[in-house]
Each structure stands twice: as structure tokens, then as C-alpha cells.
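Down below is the structure, laid out as C-alpha cells.
These numbers come from the heavy atoms of this one structure, side chains and all, not from hydrogens, waters or symmetry mates.
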Amino acid sequence: MSEALLEITRGDVIECIHRGDIAVVNSCGELLHSCGDPYKLTYFRSAAKPIQALHVFTSGAADRFNISDKEIAVICSSHYAEEFHRQTIRSILAKIGLTEENILGGTVTSLNSDYALQLAREGVPLSPIFSDCSGKHSGMLAACVHKGYNLTSYLSPEHPCQQNILTILADVCDVPSEDIKIGIDGCSAPVHALPIRNMALGFARLANQQCLPSTLAPYAGKIFSAMNSYPEMVSGTGGFCTELIKHTQGLLIGKIGAEGVYCVGIKGMDVGIAVKVENGSMDVLPPIVMDILDKLGCLDEEMKGKLAAFTHKSNVNDINTVVGEYRSVLQLKAAG
């Protein structure tokens with residue numbers, strides 16, 4: 001059963017309690033710590049993107065099209081559609097001989113509300129490349145072009161591209177493919193449901209490749225390196241994923257997923273973390289993740305200082321007056 005992870009106060013009253021579940025594992029699958037139900041079944045959502053990106057390598061597309069580290073990072077991203085994100089995705093599409101019209105994920109504005117308002121004020125016409133999932137889609141299309149797969153049905157769960165991604169997820173997260181439940185994501189791609197313990201395992205293995213098959217281990221290392229080399233690609237200016245990776249100096253990767261999912265892989269410590277907030281709230285994820293990292297002793301004082309804005313979050317009203325706080329109350333229990 002889920003447990004309380006975070007409280008929001010207004011004055012001296014606890015106004016809101018967010019419950020959820022946490023799993024912390026090592027790369028061999030050993031459960032190290034938990035809160036709530038570490039076997040909670042839920043959708044991976046966009047937190048799966050760094051694992052899904054492995055298919056760009058295993059398909060041969062990365063080599064054929066000389067996909068750069070910056071481009072790999074945006075394939076892993078839920079980006080804010082800033083100009084540098086759009087330029088990088090156009091670069092991938094140019095390399096594979098396609099245009100953004102080939103991206104079938106729909107047209108939405110930036111995930112960053114301030115930037116979305118700026119785009120609207122400036123009358124910038126939106127297109128599929130503005131979707132936070134357009135990097136992932138360009139990676140799928142690169143594999144399809146290289147393999148000669150159909151480009152109009154690449155989002156079908158039965159399409160060979162999606163079947164290849166399913167196999168990779170099963171192998172990395174140690175779940176039989178037939179046990180992974182398939183839904184349809186907001187961007188119309190298949191989305192995968194599995195226990196959060198296995199999500200954490202996938203991220204532990206991205207950061208620490210010793211328990212991965214030799215066919216995947218080098219590529220997992222390249223994804224970890226690409227996200228650390230270009231953290232601005234992973235979300236965008238001021239985004240939690242970007243700032244967390246940037247200020248931890250090659251220690252980890254972190255990736256958000258819709259409806260309250262967050263995953264972290266920590267290099268050297270051999271740790272993977274998965275969080276699911278039960279009510280799907282996204283704005284409570286940073287202080288929860290920061291508290292987990294603090295409790296595990298992952299961050300030094302300099303890192304904590306640079307990320308303090310995500311640890312200590314104020315509850316503010318319409319005129320920006322502080323009226324309360326976001327306060328992590330999670331309790332990690334050691335396994336065994």
C-alpha cells in the first residue's frame with residue numbers, strides 16, 4: 001500500500017498529502033530500500049525513454065546516420081521545445097531523409113508553461129516537432145529508415161520497431177515481455193506498464209552496466225554519457241532533469257514521466273530509483289527525489305547547494321507571497 005511522501009502546508013496546517021511508492025535496487029535486481037509498495041504496477045511513461053533509446057543503437061541506425069551524443073540526449077528527452085531542441089531534432093530528421101511531418105505524435109505546445117506563453121504571444125506556429133516526445137519519435141523513425149520498416153504505422157504496438165523496443169525493455173528491466181502491459185501514450189506511441197522495482201532496475205543498469213547483456217552494455221554507457229554531456233537536452237532551461245544531471249557532475253541520470261513517475265540511475269553506487277506519486281502530481285517530484293538522494297547519501301554539500309531550489313519548495317499565492325511549504329515526509333525502509 002502507498003505511503004505518505006510529501007505534505008503541502010498553508011500556514012501551520014497540512015493542507016494536502018501526496019502518497020506514493022518508491023523502489024531502490026541495485027543492478028543485479030536486489031531490493032535495497034522501499035517506501036510503500038516497491039512492486040506497484042504502473043506505466044513507465046516518458047521515464048522509459050533512455051531505455052527505449054537503446055534501439056537506436058541496436059538497430060544500427062546510430063552508426064549509419066552518425067547520430068551524435070547531443071542527438072541521443074534529445075531522443076531520451078521530454079524537452080521544452082526550445083530552439084536548440086528543435087534544431088537538434090531537425091538535424092536527426094535531415095540525416096535520415098525525413099521531415100517533421102513524418103512525426104505522428106501530434107502537435108502540442110511546450111511543457112514549460114512560461115515558454116508556452118511566450119510562443120503564444122509571439123504567434124509561433126506549432127508543429128509536431130514542438131511535442132516533448134518528438135525526440136523519441138525521431139529515434140524511432142531513424143531505426144525504421146535504417147531497417148526499411150513502414151513509416152506510416154511505426155506507432156502500432158505490432159510494428160517491428162515497437163516489438164524491438166519491447167524486447168529491449170524486457171531484457172533491461174528483467175520482465176518477460178508477455179508480462180509487460182501495453183497502453184497508448186499521449187504521443188500515440190505504445191507505453192509500458194511494469195512494477196516500479198523493475199523500472200528502478202532498468203535505471204540501475206543504465207548507470208552500471210555490469211549486469212546487462214554484452215549486446216546492450218556499451219550502448220547503455222553511451223546513453224548515460226550523452227545525457228550527462230548534454231543535460232540541457234533532457235528537459236530544458238531550469239528543468240529538474242536538466243539541473244539534476246548538470247549539477248551532479250557525471251554521477252547520475254534522472255528522467256521524469258507523466259502522472260508522477262521519476263527514475264534515477266546512480267553510477268558507482270550501483271543504485272536505481274523509481275518513484276510513483278499515486279495521484280499523478282508532477283510538481284511534488286523534485287523535493288521527493290531530492291530527499292531520497294539525500295537519505296541515500298548520494299550528494300555532496302556542493303551538489304545539494306546548487307539544487308536547493310528543488311529541495312526546499314515554497315507554497316506561494318497569486319502575488320508570490322510564501323504561504324506554506326512542500327515538505328517531504330517519506331520514510332525509506334531498508335530491505336530484509
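Among residues two or more places apart in sequence or in another chain, the side-chain contact (heavy atoms from CB on, under 4.5 Å) test is passed with Ala220 by Leu54, Leu206, Gln209, Leu212. Partners of Asp132 according to the side chain to side chain donor-acceptor pair (under 3.5 Å) rule, which considers only residues two or more places apart in sequence or in another chain, do not exist here. In terms of the side-chain contact (heavy atoms from CB on, under 4.5 Å) criterion, residue partners of Glu122 (sequence neighbours excluded) are, by chain and number, Gln118, Val124. Scanning for salt bridge (charged side-chain N to carboxylate O under 4.0 Å, His left out) contacts around Lys306 gives Glu302, with sequence neighbours left out. Partners of Lys147 by salt bridge (charged side-chain N to carboxylate O under 4.0 Å, His left out), not counting sequence neighbours: none found. Taking the side-chain contact (heavy atoms from CB on, under 4.5 Å) definition, one finds that Ser235 meets it with Tyr80, Cys241, Thr242, sequence neighbours left out. In this structure, the side chain to side chain donor-acceptor pair (under 3.5 Å) partners of Asp294, at least two apart in sequence or on a different chain, are Lys304. Residues forming a salt bridge (charged side-chain N to carboxylate O under 4.0 Å, His left out) with Glu30 (at least two apart in sequence, or on another chain): none.
The salt bridge (charged side-chain N to carboxylate O under 4.0 Å, His left out) contacts involving residues 64-84 comprise Glu71-Lys95, Glu83-Arg86, Glu83-Arg90, where partners must be two or more places apart or lie in separate chains.
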Review item, side-chain donor-acceptor pairs of residues 271-289, under 3.5 Å, at least two apart:
unit_1: Lys276; atom_1: NZ; unit_2: Glu259; atom_2: O; d: 2.5
unit_1: Glu278; atom_1: OE1; unit_2: Ser2; atom_2: OG; d: 3.1
unit_1: Glu278; atom_1: OE2; unit_2: Ser2; atom_2: OG; d: 3.0
unit_1: Asn279; atom_1: OD1; unit_2: His18; atom_2: ND1; d: 3.4
unit_1: Asn279; atom_1: OD1; unit_2: Ser281; atom_2: N; d: 3.0
unit_1: Asn279; atom_1: ND2; unit_2: His18; atom_2: ND1; d: 2.9
unit_1: Ser281; atom_1: OG; unit_2: Asp283; atom_2: OD1; d: 2.8
unit_1: Asp283; atom_1: OD2; unit_2: Tyr326; atom_2: OH; d: 2.9

Please list, one pair per line, the donor and acceptor atoms closer than 3.5 Å that link side chains of residues 164-175 to other protein atoms, with sequence neighbours excluded.
unit_1: Asn164; atom_1: ND2; unit_2: Tyr149; atom_2: OH; d: 3.4
unit_1: Asn164; atom_1: ND2; unit_2: Pro160; atom_2: O; d: 3.2
unit_1: Thr167; atom_1: OG1; unit_2: Gln163; atom_2: O; d: 3.1

Below 3.5 Å, can you tabulate the donor-acceptor pairs from side chains in residues 134-141 to any protein atom, sequence neighbours excluded?
unit_1: Ser134; atom_1: OG; unit_2: His79; atom_2: NE2; d: 2.8
unit_1: Ser134; atom_1: OG; unit_2: Ile129; atom_2: O; d: 2.9
unit_1: Ser134; atom_1: OG; unit_2: Ser131; atom_2: O; d: 2.9
unit_1: His137; atom_1: ND1; unit_2: Tyr154; atom_2: OH; d: 2.7
unit_1: Ser138; atom_1: OG; unit_2: Ser134; atom_2: O; d: 3.4
unit_1: Ser138; atom_1: OG; unit_2: Gly135; atom_2: O; d: 2.7

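In terms of modelled atom types and a separation under 3.5 Å, the side chain of His85 and the main chain of Glu232 share a donor-acceptor contact.
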